[in-house]
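Residue numbers begin at 1 in each chain, while the letters A, B, ... track the order of the sequences. Keep in mind that the numbers below use all heavy atoms, side chains included, and drop hydrogens, waters and symmetry copies.
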2 protein chains.
Amino acid sequence: MKRDSRLSAVLHALLHMAERIEPMTSDELAQCLGTHPVVVRRTLGLLREAGLVAAGRGHAGGWRITADLSSVTLRQLHEVLGEPALFAVGNRDENPGCLVEQAVNAALDDAFEAAEALLLERFAAVTLADLAADFARRHQARRSGGKR
Amino acid sequence: MKRDSRLSAVLHALLHMAERIEPMTSDELAQCLGTHPVVVRRTLGLLREAGLVAAGRGHAGGWRITADLSSVTLRQLHEVLGEPALFAVGNRDENPGCLVEQAVNAALDDAFEAAEALLLERFAAVTLADLAADFARRHQARRSGGKR
DNA sequence: TTTAATGTAACATCATTAGTTACATGAAAC
DNA sequence: GTTTCATGTAACTAATGATGTTACATTAAA
């Protein structure tokens, strides 16, 4: 199974955009992310539909953040991306008539639901502003570390 | 991405085997699971290597459980299956030089590690004996429900 | 010796993400 | 207005990995 890394990608893109005044083009972002400009447009397009970013066309066009960094959580971004399946493992059949399968599914579902709830709770607790602050901290650390 | 449902499948197979004295053939199990006998042999083969089941060849051959039901946990089975990746979403790049990506990955990894720890903890708390008991309960409930 | 079972390699199928090409559309610069 | 630079989007390709299937060797009991 190929992992869905779009959440990671949009976070990376948004933080780069947050560090700049002018809009960033899909080409620039694609270089930052090591991917293809069309992939950037495709993915950021979902954020645009959700009103989190805006895209300008033509000269001096590009992407900019329109939302408040402190009001956007990882969970919200996950939802904007269409709430892709979080788990790579799961039940064979969600509607089994077999009682054995029902017992198995119930046990697995319990565990997966608990883990999913925790994961989404964690996602809800982290904002873009938090990530930007963490980046600034790392940036600071590298600079002072480099001087010594 | 296609979900890995082997844990669900082996649990289903093991519980069916637990309900019977005689060994069950790959064909029988494949019918129970709605899959192909070779898939059964391939997957149960991992459990055989781990000493949890034994396979007899030739006439009156088939699969039987050799482990104690109360000593085998879902977590152990997950390990026996090679600890497949649990999550369908993740970071783009596990070793980024970019500080932005580092900040993003750190936040996501925190959340995923917490969820994974919880999931494995839940897996460790459930044994095959628990599932068999749950199945018996459901079986009982259906029988008494059907009589009324 | 026949028959019924596993063991296993090799290949086909299917689903999904990511990457790419091609072209239409829109907006600013000249 | 025409050029240029950017997004918007459809359609196709590639890569990945689980699952399904075929084929055949091996083993053990009847």
Side-chain angles (χ1 to χ4, degrees), chain A residues 1-10 12-13 17 22-50 53-64 66 78 81-93, chain B residues 1-10 12-13 17 20 22-50 53-66 78 81-93:
Chain A
M1 170 195 295
K2 217 173 196 176
R3 272 185 164 181
D4 182 342
S5 61
R6 289 177 303 160
L7 180 57
S8 173
V10 298
H12 193 170
M17 289 157 67
E22 323 91 59
M24 288 185 77
T25 66
S26 304
D27 275 309
E28 288 169 327
L29 287 168
Q31 278 215 318
C32 288
L33 305 192
T35 182
H36 198 282
V38 172
V39 175
V40 172
R41 289 200 278 271
R42 188 190 290 157
T43 312
L44 287 188
L46 296 171
L47 273 58
R48 184 194 57 224
E49 289 169 11
V53 300
R57 299 164 88 138
H59 273 277
W63 300 87
R64 64 193 166 81
T66 54
H78 172 65
L81 292 176
E83 304 195 51
L86 291 170
F87 294 103
V89 304
N91 295 332
R92 310 180 35 78
D93 183 354
Chain B
M1 154 209 296
K2 217 172 199 176
R3 270 185 165 181
D4 182 342
S5 61
R6 289 177 302 160
L7 179 56
S8 174
V10 298
H12 193 170
M17 289 158 67
R20 294 229 326 216
E22 322 92 58
M24 288 184 77
T25 66
S26 304
D27 275 309
E28 288 170 327
L29 288 168
Q31 278 214 319
C32 288
L33 306 191
T35 183
H36 199 282
V38 172
V39 175
V40 172
R41 288 200 279 272
R42 188 191 289 157
T43 311
L44 287 188
L46 297 170
L47 304 203
R48 185 194 59 224
E49 290 170 11
V53 301
R57 299 164 86 137
H59 272 278
W63 300 88
R64 63 193 167 80
I65 302 180
T66 53
H78 173 66
L81 292 176
E83 303 195 53
L86 291 170
F87 294 104
V89 302
N91 296 330
R92 313 179 35 77
D93 183 356

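Rounding to whole angstrom units, CG of residue A/L81 and C1' of C/dT17 are separated by 13 Å. The CG-P distance, from A/L33 to C/dT20, rounds to 13 Å in whole Å. If you take CZ of B/R42 and C1' of D/dA23, they are 14 Å apart, rounded to a whole angstrom.
Nucleic acid contact for A/A55: sugar-phosphate only, since backbone atoms but no base atoms lie under 4.0 Å from a heavy atom of the residue.
Of the possible polar contacts, one joining the B/R92 side chain to the A/L33 backbone as a donor-acceptor pair under 3.5 Å is found. Remark: side-chain polar atoms of B/T25 are paired, donor with acceptor, to backbone N or O of B/E28 under 3.5 angstrom. Checking side-chain atoms of B/R20 against main-chain N and O of B/P23 turns up a donor-acceptor pair under 3.5 Å.
In the set D/dG8, C/dG19, C/dT6, the nucleotide with an atom closest to the side chain of A/R48 is D/dG8. Of the candidate nucleotides C/dT6, D/dG20, C/dG19, C/dG19 has the atom lying nearest to any side-chain atom of A/T35.
Under 4.0 angstrom from either OP1 or OP2 of C/dA18 there lies at least one side-chain N or O belonging to A/S5. Side-chain N/O atoms of A/T25 include none lying less than 4.0 angstrom from OP1 or OP2 on D/dA6.
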Nucleotides 23-27 of chain C: which of its N/O atoms have a protein N/O under 3.5 Å away?
from: C/dT25; atom 1: O2; to: A/R57; atom 2: NH2; distance (Å): 2.8
from: C/dG26; atom 1: O4'; to: A/R57; atom 2: NE; distance (Å): 3.3
from: C/dG26; atom 1: N2; to: A/G58; atom 2: N; distance (Å): 3.1

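At most 12 non-hydrogen atoms from other residues, nucleotides or ligands lie less than 6.0 angstrom from CZ of A/R64.
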